[in-house]
Trainee: 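The following block contains the structure, expressed as structure tokens.
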Amino acid sequence: MTGTTVCLGETMAQVTPADGEELEHSRELRLAVAGAESTVAQYLADLGHRSAWVSRVGDDPLGRRIVASVAARGVDVGGVRVDPDAPTGLYLKDPGPDGTHVHYYRRGSAASRMGPADAGRVDLAGARLLHLTGITPALSEGCAALVELLMERAAQAGVLVSFDVNHRPALWGSHEQAATALRDLARRADLVFVGRDEGERLWGTATAEEIHAHLAPRGTLVVKDGEVGATEFAGSAREFVPAPAVEVIEAVGAGDAFAAGYLSGFLHGSGSAERLALGHRLAGRTLRSIEDYVPADTLERT
């Protein structure tokens, strides 16, 4: 499909206290679907773009629920494999006075078993973008090898690579391993998203300018700085757009929403300020919700 954005990565079943209470005290839990890459795919479909999501899920009710949910948003799920020998991943949100913590149950999950053999299910023919995140290479050696291979194939096919650093410290063997791997992958991508706080945590780069100097990206770099705003570096050009004031209920998922909004603007050929603003607008919807993904098919009417 011409112009398709292909997103690859793990999606898990998500359990959230429906009443906003701490997990151990909540009396009602809500089951949802959450994954960085499929979230981007769903938002892009909401905004009128063609998108596909590639992954593995277990042959279980949670896996079937995930695939059906993502497909219902108009995302092509033909590249999703059902693994009969491994479970679908699960994570639980735990709201608290100092923010929301998450508890992962994903070790040995179906998606963590992805590897180079899965590259054949990633159809780049006619694709415009391949969207990846730093979560996938942290899941297993096979997943890391798959990401490397897909970046190579995308370059050969003339497909742009979008890479969101998405640093998850608990998934990496060591800080040094994460810092090196994520830096190297970011340097190979055409579009890179990174939080200013991620850059400081990973590489000791305290400002957007220091992150840009450290990564020396081959293409466009977008540095997100929470409630402050976001800065785009494209060649010698620099564009900053402040984040609008938002009453934050929960921040989980906002980074993926921002990436999707920015990519939508990019795909539409919008200018730097317009695509940064759309990223902020989409992220704001997520910040005002306890959900990682808030359908955006009504974005222009809200």
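Note that this is a predicted model, so its numbers are computed, not measured.
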Trainee: May I ask you to check whether over 12 heavy atoms, not counting those of Glu227, lie within 6.0 Å of atom CD?
Mentor: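 Open: at most 12 neighbouring heavy atoms sit under 6.0 Å from CD of Glu227.
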Trainee: Just checking, any donor-acceptor pair under 3.5 angstrom between side chains of Arg73 and Tyr293?
Mentor: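 Short answer, yes.
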Trainee: Are any non-hydrogen side-chain atoms of Leu276 and Glu239 less than 4.5 angstrom apart?
Mentor: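 Yes, side chains in contact.
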Trainee: What's the shortest heavy-atom distance between Gly279 and Phe258, and which atoms?
Mentor: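 Heavy atoms only, the tightest pair is C-CD1, 3.2 Å.
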Trainee: Should Leu62 and Tyr105 be counted in the same cluster of Ile, Leu, Val, Met, Phe, Trp and Tyr side chains packed under 4.5 Å apart?
Mentor: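 Same cluster.
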Trainee: Please answer whether the main-chain N or O of Arg65 pairs with a side-chain N or O of Ser69 as donor and acceptor at a distance below 3.5 Å.
Mentor: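 Not at all, since once roles are kept as given, no pair shorter than 3.5 Å links the two residues.
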Trainee: Minimum heavy-atom separation for Val194 to Gly199, with atom names?
Mentor: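 For Val194 and Gly199, the tightest heavy-atom pair comes out as CG2-N, 4.2 Å.
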Trainee: For the pair Leu90 and Val15, evaluate side chain to side chain contact (heavy atoms under 4.5 Å, CB included) and give the outcome as yes or no after the intermediate values.
Mentor: CA-CA 8 Å; Leu90 173 72; Val15 175; 3.9 Å; yes
Trainee: Rounded to the nearest 0.5 Å, what's the gap from CZ on Arg107 to OG on Ser140? Could you check?
Mentor: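 The OG atom of Ser140 is 12.0 Å from CZ of Arg107, to the nearest 0.5 Å.
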Trainee: Would Ser270 and Tyr262 count as having a side-chain donor-acceptor pair, cut-off 3.5 Å?
Mentor: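 Side chains of Ser270 and Tyr262: no pair found under 3.5 Å.
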Trainee: Ring-plane angle category for Tyr104 and Tyr91, please: parallel below 30°, perpendicular beyond 60°, tilted otherwise.
Mentor: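 Rings of Tyr104 and Tyr91: tilted, 30 to 60°.
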Trainee: Which distance, rounded to the nearest 0.5 Å, do you find between the CD1 of Ile211 and the CZ of Arg183?
Mentor: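 That separation rounds to 14.5 Å.
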Trainee: Does Leu31 belong to the same Ile/Leu/Val/Met/Phe/Trp/Tyr cluster as Leu23, with side-chain heavy atoms less than 4.5 Å apart forming each link?
Mentor: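 Result: yes, single cluster for both.
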Trainee: Once rounded to the nearest 0.5 Å, what's the spacing between atom CG of Leu146 and atom CG of Leu8?
Mentor: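 Interatomic distance, Leu146 CG to Leu8 CG, rounded to 0.5 Å: 5.5 Å.
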Trainee: With a 4.0 Å cut-off on N to O distance, would you call Arg113 and Asp83 a salt bridge?
Mentor: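 Salt bridge present between Arg113 and Asp83.
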Trainee: Inspect the contact between Glu148 and Arg188 and indicate whether a charged nitrogen and a carboxylate oxygen are less than 4.0 angstrom apart.
Mentor: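 Salt bridge present between Arg188 and Glu148.
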Trainee: Say whether, by atom type as modelled, one donor and one acceptor occur between the side chain of Thr205 and the main chain of Glu210 under 3.5 angstrom.
Mentor: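 Absent.
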Trainee: I'd like to know if Arg27 pairs up with Asp19 as an ion pair, taking the criterion as any Lys NZ or Arg NE/NH1/NH2 lying under 4.0 Å from an Asp or Glu carboxylate oxygen.
Mentor: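 So Arg27 does not pair with Asp19 through a salt bridge.
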Trainee: Donor-acceptor check, side chain of Asp60 to backbone of Gly63, threshold 3.5 angstrom: yes or no?
Mentor: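 Yes; at least one donor-acceptor contact below 3.5 Å.
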Trainee: Do Phe163 and Phe266 sit in one hydrophobic cluster, given that two such residues count as connected whenever their side-chain heavy atoms are within less than 4.5 Å of each other, even indirectly?
Mentor: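 No: no chain of side-chain contacts under 4.5 Å links Phe163 to Phe266.
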Trainee: Under the side-chain hydrogen bond (donor to acceptor under 3.5 Å, both in side chains) rule, collect the residues that match up with Arg121, sequence neighbours excluded.
Mentor: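 With sequence neighbours excluded, Arg121 shows a side-chain hydrogen bond (donor to acceptor under 3.5 Å, both in side chains) to Asp118, given in chain and number order.
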Trainee: Would Leu132 and Met151 count as a side chain to side chain contact (heavy atoms under 4.5 Å, CB included) if you check the C-alpha gap in whole Å, the side-chain angles of each, and the deciding distance to 0.1 Å?
Mentor: CA-CA 9 Å; Leu132 304 166; Met151 281 191 160; 4.0 Å; yes
Trainee: Do Ser55 side-chain atoms and Gly9 backbone N/O form a donor-acceptor pair below 3.5 Å?
Mentor: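 Indeed, once roles are kept as given, a pair shorter than 3.5 Å links the two residues.
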Trainee: What's the shortest heavy-atom distance between Ala52 and Ala41, and which atoms?
Mentor: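 Closest approach of Ala52 to Ala41, heavy atoms only: O-CB, 4.3 Å.
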Trainee: Please identify which of these residues, Leu129, Leu160, Leu47, meets the side chain to side chain contact (heavy atoms under 4.5 Å, CB included) condition with Leu263.
Mentor: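 Among Leu129, Leu160, Leu47, the one that satisfies the side chain to side chain contact (heavy atoms under 4.5 Å, CB included) with Leu263 is Leu129.
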Trainee: Side-chain contact, heavy-atom cut-off 4.5 Å: Asp94 with Thr100?
Mentor: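 Asp94 does not reach Thr100 side chain to side chain.
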Trainee: With a 4.5 Å limit on heavy-atom distance, are the side chains of Leu282 and Val294 in contact?
Mentor: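 When only atoms from C-beta onward are counted, Val294 and Leu282 do not touch, as no gap falls below 4.5 Å.
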Trainee: Working to the nearest 0.5 angstrom, can you tell me the gap between Ser264 OG and Leu44 CG?
Mentor: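 Here the interatomic distance stands at 6.5 Å.
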Trainee: Nearest 0.5 Å, what's the CH2-OG distance between Trp53 and Ser38?
Mentor: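 Reported to 0.5 Å precision, the distance equals 5.5 Å.
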Trainee: For the residue pair Trp172 and Leu182, establish whether any side-chain heavy-atom pair is separated by less than 4.5 Å.
Mentor: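 Trp172 reaches Leu182 side chain to side chain.
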Trainee: Would you call Leu139 and Glu10 a side-chain contact if the rule is heavy atoms closer than 4.5 Å?
Mentor: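 Leu139 vs Glu10: side chains touch.
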Trainee: Applying side chain to side chain contact (heavy atoms under 4.5 Å, CB included) to Asp256 and Asn166, what does each step give before you reach the verdict?
Mentor: CA-CA 9 Å; Asp256 301 318; Asn166 239 325; 3.3 Å; yes
Trainee: Residues in side chain to side chain contact (heavy atoms under 4.5 Å, CB included) with Ala243, at least two apart?
Mentor: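 Ala243: side chain to side chain contact (heavy atoms under 4.5 Å, CB included) contacts with His280.
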Trainee: Go through the structure and list residues passing salt bridge (Lys or Arg N to Asp or Glu O under 4.0 Å) with Arg275, not counting sequence neighbours.
Mentor: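 For Arg275, the residues satisfying salt bridge (Lys or Arg N to Asp or Glu O under 4.0 Å) (neighbours in sequence not counted) are Glu232.
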Trainee: What heavy-atom pair brings Leu287 and Ala254 nearest, and what distance separates the two atoms?
Mentor: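 Heavy-atom minimum between the residues: CD2-CB, 3.7 Å.
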Trainee: Minimum heavy-atom separation for Trp203 to Ala179, with atom names?
Mentor: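 Shortest heavy-atom separation between Trp203 and Ala179 comes out as NE1-O, 3.0 Å.
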Trainee: Would you sort out whether Gln42 and Val70 count as a side chain to side chain contact (heavy atoms under 4.5 Å, CB included), showing the intermediate values?
Mentor: CA-CA 7 Å; Gln42 289 177 96; Val70 175; 4.2 Å; yes
Trainee: So, does Glu274 use its side chain to make a donor-acceptor pair with the main chain of Gly271 at under 3.5 Å?
Mentor: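 Pair found, side chain donor or acceptor close to backbone of Gly271.
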Trainee: Taking the side chain as C-beta and beyond, is there a heavy-atom pair between Arg218 and Asp190 under 4.5 Å?
Mentor: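 Counting from C-beta outward, Arg218 and Asp190 do come under 4.5 Å.
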Trainee: Verify the distance criterion only: is there a donor paired with an acceptor across the side chains of Thr11 and Glu37 at less than 3.5 Å?
Mentor: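 Looking only at side-chain atoms, Glu37 and Thr11 do not form any donor-acceptor pair under 3.5 Å.
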Trainee: Would you mind reporting whether Val223 and Phe193 have side-chain heavy atoms less than 4.5 Å apart?
Mentor: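 Of all side-chain heavy-atom pairs linking Val223 with Phe193, none is under 4.5 Å.
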Trainee: Show your reasoning for whether salt bridge (Lys or Arg N to Asp or Glu O under 4.0 Å) applies to Arg64 and Asp59.
Mentor: CA-CA 7 Å; Arg64 290 188 288 274; Asp59 186 11; 3.2 Å; yes
Trainee: Sequence neighbours left out, what passes ring pair (Phe, Tyr, Trp, His ring centres under 6.0 Å) with His268? Give chain and number order.
Mentor: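 Counting only residues at least two positions away or on another chain, His268 forms a ring pair (Phe, Tyr, Trp, His ring centres under 6.0 Å) with His49.
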Trainee: Among residues at least two apart in sequence or on other chains, which ones pass side chain to side chain contact (heavy atoms under 4.5 Å, CB included) with Thr16?
Mentor: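 Testing Thr16 for side chain to side chain contact (heavy atoms under 4.5 Å, CB included), a comparison that skips the adjacent residues, returns Gln14, Lys93, Ile290.
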Trainee: At what distance, to the nearest 0.5 angstrom, does CE of Met114 lie from CZ of Arg56?
Mentor: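 Here the rounded value is 7.5 Å.
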Trainee: Are Leu278 and Leu267 connected in the hydrophobic side-chain network, where two residues link if heavy atoms are under 4.5 Å apart?
Mentor: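 No; tracing contacts between hydrophobic side chains, which count when under 4.5 Å, never links both residues.
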Trainee: Got Val222 and Leu191 here, is their nearest side-chain heavy-atom distance under 4.5 Å?
Mentor: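 Answer no - side chains too far apart.
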Trainee: Donor-acceptor check, side chain of Thr39 to backbone of Gly35, threshold 3.5 angstrom: yes or no?
Mentor: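 Looks like yes, one N/O pair under 3.5 Å.
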Trainee: Could you verify whether a donor N or O on one side chain and an acceptor N or O on the other, from Arg201 and His167, lie under 3.5 Å apart?
Mentor: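 Yes - a donor-acceptor pair under 3.5 Å links their side chains.
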Trainee: If you look at every heavy atom in Ala257 and Thr286, which pair is closest and at what distance?
Mentor: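 For Ala257 versus Thr286, the nearest heavy atoms are CB-OG1, 3.4 Å.
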Trainee: If the condition is salt bridge (Lys or Arg N to Asp or Glu O under 4.0 Å), which residues does Glu209 pass it with, not counting sequence neighbours?
Mentor: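 Result, salt bridge (Lys or Arg N to Asp or Glu O under 4.0 Å) vs Glu209: Arg238.
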Trainee: Hey, quick one: are Val67 and Val6 part of the same hydrophobic cluster, counting side-chain heavy atoms closer than 4.5 Å, chains of contacts allowed?
Mentor: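 In one cluster with Val67: Val6, no.
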Trainee: Is there a donor-acceptor pair closer than 3.5 Å between any side-chain N or O of Ser112 and the backbone N or O of Ser109?
Mentor: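 Yes; at least one donor-acceptor contact below 3.5 Å.
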